[in-house]
Amino acid sequence: MEGLASSRVWFDFHSLLNSSYTQNPSSRSNFRKLISFPSAPIDGRRTTNSCVRSRSMNQLKSGTLVGSSIVDPSSESILDELKIKEWEIGALKDELAATQGIRIRRRPPTNPPLHYVGAFEFRLQNEGSSPRNILEEIVWNKDVEVTQMKEKHTIYSLKKALESVHPPRDFIGALKASYQRTGFPGLIAEVKKASPSRGVLREDFDPVEVAKAYEKGGAACLSVLTDSKYFQGSFENLEAIRNAGVQCPLLCKEFIVDAWQLYYARTKGADAVLLIAAVLPDLDIKYMIQICKMIGLTALVEVHDEIEMDRMLTIDGIELIGINNRNLETFKVDISNTKRLLEGERGEKIRQKDIIVVGESGLFTPADIAYVQEAGVKAILVGESIVKQKDPTQGIRQLFGKDISHP
Ligand SMILES: O=P(O)(O)OC[C@@H](O)[C@@H](O)c1c[nH]c2ccccc12
């Protein structure tokens with residue numbers, strides 16, 4: 001039975017891929033039908049993103065099966081069958097992501113049952129599952145964290161909370177105004193205590209003090225790390241900065257793996273969020289961009305290489321693209337990355353689409369700023385070089401070689 005079921009899924013998946021899933025709308029809807037089996041719709045719609053993977057087994061175990069039928073959770077064979085399905089869906093989604101050049105795999109929900117006899121490739125790919133690099137590790141941890149947080153804050157309670165949250169600030173407008181005012185790329189200054197590559201950047205870290213110093217120094221927007229495990233950030237920091245009278249729009253710097261996080265970020269005072277193309281397949285990016293628009297968040301879509309940039313240039317509705325000079329899998333930093341990705345036809349297409357480009361990471365000196373500005377960026381995202389300075393206001397002055405604060 002299991003063998004049959006799994007080989008059918010395997011066969012269907014490949015025939016879908018072979019019939020060019022990404023171009024052919026009818027195969028796309030077949031694929032959705034196939035992989036959305038255990039998922040509960042969020043917002044009354046189906047998504048192929050990680051919501052599918054993270055919750056269904058828990059709901060099953062508690063006897064609250066989604067979908068049309070009610071299942072007796074004590075029925076072991078049904079549970080096993082569903083466990084296999086869920087595990088296969090995870091593998092299928094990684095397969096799909098791989099066809100888009102995404103190397104980051106998502107966390108397998110559980111191992112398949114012992115007696116599982118599935119496609120050889122599935123087993124090979126998932127055997128001894130452990131993360132292959134730091135980005136994959138962060139994303140796997142985030143999946144667990146989000147699954148736990150969703151139990152505390154349901155999507156319904158978040159939607160309710162959105163009714164009383166203050167209106168979002170214009171993130172892109174602030175970057176454009178700053179560019180007009182100073183002639184330099186608009187600064188998104190990052191409130192960052194630590195990072196996995198650099199360790200602790202500032203010992204006496206007071207997020208509100210740092211945020212105020214950045215604003216005083218002329219930052220257009222602020223980026224606030226909220227990941228605690230790897231960056232020692234928090235949503236409390238984001239909220240505290242929002243409630244401290246800082247006027248700059250705020251980017252919630254988080255590893256988004258699930259649409260639920262967008263709602264959560266908005267309720268905590270975010271005006272913008274980061275969507276990482278190395279982590280999210282195109283369908284997730286499209287879906288999340290729609291949700292962002294619906295709830296008033298600006299999406300900063302981050303790319304690192306040509307493949308990711310080209311993927312994002314085929315997606316409508318993207319207004320802000322960040323080029324990260326740091327490879328999140330290896331930590332290697334190279335600011336010529338920004339220049340390379342803006343050359344030739346790509347640069348042309350970005351200008352046609354009126355997309356604002358943000359140069360991210362590894363910027364330390366006025367020469368670095370001039371270099372990325374020359375390459376075509378209208379905004380920059382800077383953490384280390386300014387957060388490390390005793391007075392971050394002075395740090396901004398040194399970074400630009402000029403006082404860019406409001407007169
Ligand atoms: O501290 P730096 O090198 O100035 O970098 C800031 C910012 O670009 C970096 O923190 C960053 C860019 N993209 C990310 C994604 C996740 C975590 C962190 C980041």
Side-chain angles (χ1 to χ4, degrees), residues 104 133-142 145 175 185-202 205 207 210-211 214 217 219-235 237-238 250-257 261 265 270 272-280 285 299-305 308-309 312 320-338 341 357-369 371-372 377 379-389 392 395-396 398-400:
I104 300 302
N133 57 55
I134 182 70
L135 181 57
E136 202 163 271
E137 183 187 320
I138 294 173
V139 163
W140 289 20
N141 271 292
K142 197 55 71 180
E145 197 181 297
L175 292 176
L187 172 66
I188 308 170
E190 188 151 278
V191 180
K192 180 183 196 181
K193 176 167 184 182
S195 76
S197 58
R198 297 285 205 226
V200 173
L201 297 168
R202 191 180 180 93
F205 182 77
V210 171
Y214 283 161
C221 301
L222 306 182
S223 161
V224 183
L225 257 319
T226 51
D227 175 81
S228 58
K229 188 167 163 112
Y230 298 92
F231 291 86
Q232 299 191 35
S234 71
F235 279 96
N237 290 355
L238 182 68
L250 304 181
L251 169 74
C252 168
K253 196 60 154 346
E254 183 50 87
F255 294 84
I256 305 281
V257 293
Q261 293 167 280
V273 286
L274 186 77
L275 302 178
I276 304 179
V279 171
L280 300 167
I285 298 265
L300 169 58
V301 179
E302 179 174 297
V303 302
H304 173 69
D305 59 23
E308 290 168 13
M309 178 66 100
M312 295 308 112
L320 196 57
I321 293 187
I323 301 178
N324 199 350
N325 297 314
R326 180 177 291 110
N327 180 330
L328 292 174
E329 293 174 46
T330 61
F331 291 148
K332 208 174 146 261
V333 179
D334 177 2
I335 68 167
S336 72
N337 205 38
T338 295
L341 295 194
V357 177
V358 184
E360 299 181 359
S361 308
L363 303 172
F364 287 85
T365 65
D368 292 343
I369 307 300
Y371 177 80
V372 291
V377 312
I380 51 172
L381 173 55
V382 182
E384 178 175 349
S385 67
I386 48 178
V387 82
K388 267 184 154 172
Q389 305 305 317
I396 293 177
Q398 279 165 23
L399 175 69
F400 286 91

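In each ligand, atom 1 is the first atom listed, and ligand 1 is the first ligand listed.
- With ligand atoms numbered from 1 in the order given, ligand 1 contributes 16 (C), 17 (C) to contacts under 4.0 Å with heavy atoms of F255.
- Closest to atom 15 (C) of ligand 1, if we only count protein heavy atoms, is L274 CD2, 3.7 Å.
- Of the N or O atoms in E190, one or more lie within a sub-3.5 Å distance of an N or O in ligand 1.
- Atom 13 (N) of ligand 1 has E302 OE1, 2.7 Å as its closest protein atom, hydrogens excluded (heavy atom only).
- Interface of K192 with ligand 1, defined as ligand atoms under 4.0 Å from a residue heavy atom, comprises 1 (O), 2 (P), 5 (O), 6 (C), 9 (C), 10 (O).
- For the pair V333 and R326, the tightest heavy-atom approach, listed with the atom from each and the gap, is CG2-NE, 3.6 Å.
- Between the Y214 side chain and the P392 main chain, no donor and acceptor come within less than 3.5 Å of each other.
- Ranked by closest heavy atom to atom 3 (O) of ligand 1, the top entry among R326, E384, E360 is R326.
- When the heavy atoms of K388, R198, K253 are ranked by distance to atom 14 (C) of ligand 1, first place goes to K253.
- Side chain of S361 to backbone of N324: no donor-acceptor contact under 3.5 angstrom is found.
- In the vicinity of V382, heavy-atom distances shorter than 4.0 Å reach the ligand 1 atoms 4 (O).
- In terms of N/O distances under 3.5 Å, ligand 1 is approached by G383.
- Note: an N/O pair closer than 3.5 Å links G362 and ligand 1 by distance alone.
- Not a single heavy atom of L363 sits under 4.0 Å from any atom of ligand 1.
- At the top of the distance list for atom 8 (O) of ligand 1, counting protein heavy atoms only, stands S361 OG, 2.7 Å.
- Closest of all the heavy-atom pairs between I321 and L300 is C-CD1, 3.9 Å.
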